[in-house]
Amino acid sequence: MTDCKNEIINSVLNKTPTREAMKANCTWPGLIKAYKEWLPVNKETPIVTLQEGATPLIELKAIEAIIGNGVKVHAKYDGLNPTGSFKDRGMTLAISKAKEEKCEAVICASTGNTSASAAAYARRAGMRAFVVIPDGYVAQGKLAQALVYGAEVLAIRGNFDRALDIVQEIANKYPVTLVNSVNPFRLHGQKTAAFEIIESLGEAPDWLCIPMGNAGNISAYWMGFNEYFQARKSTKLPQMMGFQARGSAPLVFNKTIKDPKTIATAIRIGNPVNKEKAFIAKEKSNGSFLDVTDEEIVNAYKLLGKEEGIFCEPASAASVAGLLKRKEEIPSNATIVCVLTGNGLKDPDCAIKNNDAAFYSDLDPDINKIANIMGL
Ligand code: F0G
């Protein structure tokens, strides 16, 4: 909090609004302008933004009640970014840098969210956006986004890992820029979520719970927490708790999974490209990786919806499923942040199939009959 006050005093003296003031006044300019001193940009970098970032940190009271012991749990709800996922944090920077380098086309492999985000930012910058996706394994909302944002969609008979091999080769051979998380600018953009968490809490959390697919996001958070720690904006580093779906858990079992399977299609990845970085984050933070079953993911997904009012996508719910699975190990009075990486609207099929709602259909439009069903 003192940090925050100092920032406000400094900003009055310098007449530049603070990030806090920009959030409060709804003049948030997007994360490149908000965090420019922390990002590899210069005056010449054309900023391609949809005013991403500044997403809420929401207290999860129902989850706290389950855990007890004075533990505080928050969700970093990155599903509220402009295209509905954390990918926008990385994409604003990757596309801005591609534009600076006069690139005319970008390419990515994707389980859906990267393709939606790449398409939105690339088209906004006037570039072509090629997206290679595993045919039949991308949630409806994400596919709809890529189409509406004007991507050129290439659906392959193969999984994400194969798609990533293909786009890496194409980007090596042809003048198209790769915007998967092997592009270092992606991770720099994504690290800003860690900055925002420290600014909201006034300190780093004790645990960061995060789903892992290609493992870019956990690596980006670790970079962000370290940078703020070194700048003395926090006095500690969180333990990095990564979670994967059981049928798609190469980092948990430390082996490539040839045919990954999970309901959480976003993290259906068998050979994560950022695995080395993820293992470093785990070891240096004294963290830990764990698998959660699809059933545990769905239970957490439903719990978040009906007890917390938060609709996230199944992959995101893996962070809460994992936290609940580790319940006994949580130190008392710990502060925990679970990253909710994507919006629930991305995957309407999963929502319709997995809920405990009462749904009465084909009703007569009759007040008495309806009141009767309502139990009144
Ligand atoms: N959550 C969601 C909703 C995602 O879309 C992804 C990755 C992850 C978690 C995992 O993040 O890969 O950085 O470890 N989605 C990528 C995509 C693979 O193509 O949209 P990661």
Side-chain angles (χ1 to χ4, degrees), residues 75-81 83-91 94 107-120 129 131-134 137-139 141-143 145-146 151 153 159-164 167 178-183 186-187 189-191 193 208-224 240 242-245 248-252 260 262-275 277-279 281-282 289 292 297 300-301 311-322 338-347 350:
K76 180 65 174 163
Y77 190 19
D78 249 5
L80 291 184
N81 274 301
T83 78
S85 85
F86 72 97
K87 305 287 179 177
D88 296 343
R89 294 182 181 274
M91 217 48 85
I107 192 164
C108 66
S110 183
T111 56
N113 282 323
T114 302
S115 60
S117 187
V131 307
V132 182
I133 56 168
Y137 290 95
V138 168
K142 304 175 188 183
L143 185 58
Q145 287 180 291
V153 179
N159 61 24
F160 170 87
D161 302 290
R162 182 70 196 119
L164 188 58
V167 297
L178 185 63
V179 292
N180 279 104
S181 55
V182 277
N183 178 325
R186 280 276 313 277
L187 301 196
Q190 286 170 215
K191 75 185 176 190
L208 185 90
C209 297
I210 186 166
M212 299 183 297
N214 222 9
N217 213 24
I218 190 171
S219 311
Y221 268 89
W222 183 237
M223 173 161 52
M240 302 298 282
F243 299 101
Q244 297 197 293
S248 180
L251 295 169
V252 177
T262 169
I263 189 170
T265 51
I267 51 172
R268 187 175 162 268
I269 295 176
N271 188 19
V273 75
N274 294 296
K275 58 174 161 271
K277 288 197 186 87
F279 283 130
K282 182 179 87 161
F289 294 168
V292 286
I297 289 176
Y301 169 84
F311 186 22
C312 66
E313 62 173 288
S316 309
S319 63
V320 172
C338 294
V339 184
L340 299 186
T341 45
N343 198 300
L345 293 168
K346 296 262 187 182
D347 195 345
C350 175

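One-based numbering, in listed order, for ligands and for the atoms of each. No experiment lies behind these values; they were computed from the predicted model shown.
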Undergrad: When you measure from the side chain of N81 to the backbone of D88, do you find a donor-acceptor pair of N or O atoms at a distance under 3.5 Å?
TA: no

Undergrad: Is the positively charged end of K191 above the ring of Y221, judged by distance under 6.0 angstrom from the centroid and angle within 45° of the axis?
TA: no

Undergrad: Is there at least one pair of N or O atoms, one from G213 and one from ligand 1, spaced under 3.5 Å apart?
TA: yes

Undergrad: If you measure from each non-hydrogen atom of N274 to ligand 1, which part falls under 4.0 Å: side chain, backbone, both or neither?
TA: neither

Undergrad: Could you tell me, atom by atom, which parts of ligand 1 come under 4.0 Å of a heavy atom of E313?
TA: 3 (C)

Undergrad: Heavy-atom count around Y137 OH within 6.0 Å, excluding the residue itself: above 12?
TA: no

Undergrad: With a cut-off of 4.0 Å, which atoms of ligand 1 are near a heavy atom of K87?
TA: 5 (O), 6 (C), 7 (C), 15 (N), 16 (C), 17 (C), 18 (C), 20 (O)

Undergrad: Any idea which atoms of ligand 1 are less than 4.0 Å away from a heavy-atom of S110?
TA: 17 (C), 19 (O), 20 (O)

Undergrad: Among protein heavy atoms, which lies nearest atom 11 (O) of ligand 1, and at what distance?
TA: F86 CZ, 3.4 Å

Undergrad: Does a donor on one side chain sit under 3.5 Å from an acceptor on the other, for Q145 and N113?
TA: no

Undergrad: Looking only at distances, can you tell me whether any N or O atom of G216, backbone or side chain, sits closer than 3.5 Å to an N or O atom of ligand 1?
TA: yes

Undergrad: Looking at T341, which atoms of ligand 1 are within less than 4.0 Å of one of its heavy atoms?
TA: 1 (N), 2 (C), 3 (C), 9 (C)

Undergrad: Does a donor on one side chain sit under 3.5 Å from an acceptor on the other, for S316 and T341?
TA: yes

Undergrad: For ligand 1, is there an N or O atom under 3.5 Å from any N or O atom of A215?
TA: yes

Undergrad: Does the N or O separation between N217 and ligand 1 drop below 3.5 Å for any pair?
TA: yes

Undergrad: Taking the minimum heavy-atom distance to atom 4 (C) of ligand 1, which of A266, S115, A318 ranks first?
TA: A266

Undergrad: Is there a nitrogen or oxygen of N113 sitting under 3.5 Å from a nitrogen or oxygen of ligand 1?
TA: yes

Undergrad: Using a 4.0 Å cut-off to any heavy atom of M212, which atoms of ligand 1 qualify?
TA: 14 (O)

Undergrad: Say whether, by atom type as modelled, one donor and one acceptor occur between the side chain of D347 and the main chain of E313 under 3.5 angstrom.
TA: no

Undergrad: Counting heavy atoms only, which of I267, D78, N343, V131 comes nearest to atom 8 (C) of ligand 1?
TA: I267

Undergrad: If the cut-off is 4.0 Å to any non-hydrogen atom of I269, which atoms of ligand 1 fall inside it?
TA: 18 (C)

Undergrad: Give the residue, atom name and distance (to 0.1 Å) of the protein heavy atom nearest atom 12 (O) of ligand 1.
TA: N214 N, 2.7 Å

Undergrad: Just by modelled atom types, is the F160 backbone N or O under 3.5 Å from a matching donor or acceptor in the R268 side chain?
TA: no

Undergrad: State whether the side chain of N159 and the backbone N or O of D161 hold a donor-acceptor pair below 3.5 Å, judged by distance alone.
TA: yes

Undergrad: Is there a donor-acceptor contact under 3.5 Å from the side chain of R89 to the main chain of G189?
TA: no

Undergrad: Under 3.5 Å between some N or O of ligand 1 and some N or O of T111?
TA: yes

Undergrad: When you check the side-chain N and O atoms of T114 and N180, is any donor under 3.5 Å from an acceptor?
TA: no

Undergrad: Which atoms of ligand 1 have any heavy atom of T114 under 4.0 Å away?
TA: 16 (C), 17 (C), 19 (O), 20 (O)

Undergrad: Measure the OG-NZ distance between S117 and K87 for me, rounded to the nearest 0.5 Å.
TA: 8.5 Å

Undergrad: Any sub-3.5 Å donor-acceptor pair from T262's side-chain atoms to S248's backbone N or O?
TA: no

Undergrad: Just to be sure I read this right, does ligand 1 sit under 4.0 Å from the backbone of I218, its side chain, both, or neither, counting only heavy atoms?
TA: neither

